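All of these numbers come straight from a predicted model, not from anything done at the bench. Letters A, B, ... mirror the listed sequences (proteins, then strands); counts begin at 1.
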Number of protein chains: 2
Amino acid sequence: MNQSYDPVIETKTKILDTAERLFGERGYSATSLRDIVAGAGVNLAAVHYHFGSKEELLDQVVLRKAAPVNVERLRLLDQVEAEAGTAPPPVDQVLEAFFLPMAAAAECNPPFVRMMGRMLAEGLMMGIVAKHFQEVTRRTQSALRRALPQLPEEELLWRIHFMIGAMAHTMCGPPDFTQRGADLGDFRSRIGRLVSFLSGGFQAPIRESREEQ
Amino acid sequence: MNQSYDPVIETKTKILDTAERLFGERGYSATSLRDIVAGAGVNLAAVHYHFGSKEELLDQVVLRKAAPVNVERLRLLDQVEAEAGTAPPPVDQVLEAFFLPMAAAAECNPPFVRMMGRMLAEGLMMGIVAKHFQEVTRRTQSALRRALPQLPEEELLWRIHFMIGAMAHTMCGPPDFTQRGADLGDFRSRIGRLVSFLSGGFQAPIRESREEQ
DNA sequence: GTCTATACTGAGATAGAC
DNA sequence: GTCTATCTCAGTATAGAC
């Protein structure tokens with residue numbers, strides 16, 4: 001993994017590693033650059049030399065972890081669409097292609113995924129999503145479009161919006177009602193619950209708005 | 001509304017009004033106390049005298065706006081449960097009891113509801129929710145429990161968790177795909193879409209997790 | 001090119017005079 | 001109750017050592 005002992009790579013990597021750990025443990029806003037450089041044993045200004053700003057550092061931390069997840073997502077999407085052929089692919093399979101790679105990553109590093117959820121929810125990820133998740137977003141959207149051919153485009157986009165919200169909140173961390181620590185890292189099972197829920201939501205009939213005060 | 005010209009009330013109210021406006025316009029984190037006191041024409045220390053901290057100020061701002069919404073929510077929940085009698089109340093009616101009062105408030109003050117969504121998503125509202133939304137949370141949960149008698153308790157709690165996430169993200173603001181400014185304040189229609197989506201999600205069958213890598 | 005020391009600006013919070 | 005002055009800590013910027 002460390003391709004050599006080049007001191008340049010060393011410093012950059014130490015900052016990335018420490019930032020990833022502390023962002024996961026304490027959250028982005030609650031982690032100061034001074035915490036990070038103290039933990040990494042490097043100078044404060046090195047962060048700005050290598051990354052330019054705290055936000056750019058976050059960007060690089062997220063990219064490093066999310067890139068392989070997105071590769072796997074695209075691979076599963078390819079597979080699901082190939083299996084379906086010309087028929088609409090099953091909604092839950094498309095959703096699984098989107099969520100399972102994240103669940104797998106989450107099991108390796110739960111704090112990081114929780115941080116991603118918090119970031120996404122805080123709106124701090126909008127720029128990052130636009131930059132690094134563009135392809136996955138586009139491909140998932142088009143797969144869902146094929147899976148739900150009867151759903152109006154605008155309705156589909158709104159439902160994807162709802163999905164993102166549910167996902168972000170679910171990634172954030174365990175809700176208050178989970179008492180057992182055993183459930184903390186069990187992303188797999190919560191992703192399963194999320195997929196059934198969303199699958200029902202995507203396939204729900206469009207309801208006429210009622211006339212009520 | 002201003003019950004008198006008591007200067008104490010005046011200062012407190014001016015701070016609350018200005019904070020509500022600026023939090024809505026710029027978000028909580030992006031609004032400094034110095035911005036607020038400048039807008040309100042009061043001294044910086046007055047905020048800490050009257051509210052103790054920026055977080056407590058947010059708490060009071062939210063409470064002032066959310067209290068009547070929650071009263072209306074409870075009224076609608078009473079109505080829905082009374083109409084249903086001993087039968088399970090319809091899921092979408094329970095959801096409407098939860099969401100319509102918020103939509104009505106949102107139409108009066110869209111920026112504020114957007115801010116609430118952002119706060120909720122950022123996790124900054126956890127303490128506030130625990131303090132001021134306890135009754136509504138409990139009642140909504142028990143109505144959904146009655147509406148979905150066959151759903152295991154744990155599954156219901158997770159689905160409520162997903163609902164909160166979708167709601168927070170939906171309140172936050174219009175997603176990127178809405179180009180027209182006309183849609184910005186149209187909370188009513190997006191709440192309708194959200195209710196159909198969630199209704200489908202709550203009533204979805206529980207899927208067994210697939211064996212797949 | 002890399003990294004260090006240090007200073008700058010603005011944030012929330014607080015003590016104490018009035 | 002209110003206000004001035006000040007404290008600590010945040011992110012950021014820069015000059016210069018190596």
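No side-chain donor-acceptor contact under 3.5 Å links A:Gln141 and A:Thr137.
No salt bridge links B:Glu135 with B:Arg139; every basic N to acidic carboxylate O contact stays at or beyond 4.0 Å. Salt-bridge formation is not detected for the pair A:Arg159/A:Glu154: no Lys NZ or Arg NE/NH1/NH2 atom is positioned less than 4.0 Å from an Asp or Glu carboxylate oxygen.
The side chain of B:His50 has D:dT2 as its nearest neighbour among D:dT4, D:dT2, D:dT12.
Against DNA chain D, the stretch residues 22-34 of chain A makes heavy-atom approaches under 4.0 Å through A:Thr31, A:Ser32, A:Leu33, A:Arg34.
For A:Tyr49 and C:dT2, the shortest distance from a side-chain N or O to OP1 or OP2 is below 4.0 Å. Residue B:Ser53 has no polar side-chain atom (N or O) positioned under 4.0 Å from OP1 or OP2 of C:dG12. A close approach under 4.0 Å does occur between a side-chain nitrogen or oxygen of B:His48 and OP1 or OP2 of C:dA13.
Separating the CD atom of B:Glu56 from the P atom of C:dG12 is a distance of 15 Å, rounded to the nearest angstrom. Here D:dT14 presents its P atom at 14 Å from CG of A:Leu44, a figure rounded to the nearest Å. Here the C1' atom of nucleotide C:dG10 and the NZ atom of B:Lys54 are 12 Å apart, to the nearest Å. Atom NZ of A:Lys12 and atom P of C:dT2 are 9 Å apart (whole Å). In this structure, the CG atom of A:Asn43 is 7 Å from the C1' atom of C:dA5, given to the nearest Å.
A:Arg73 forms a cation-pi arrangement with A:Phe98, by the criterion of a distance under 6.0 Å to the ring centre and an angle within 45° of the ring axis. Geometrically, B:Lys12 does not engage B:Tyr49 in a cation-pi contact, judged by NZ or CZ lying under 6.0 Å from the ring centre and within 45° of the ring axis.
A centroid separation of less than 6.0 Å is found between the aromatic rings of B:Phe197 and A:Phe202.
Contacts of A:Ala45 with the nucleic acid, taken as non-hydrogen atoms under 4.0 Å apart, include base atoms.
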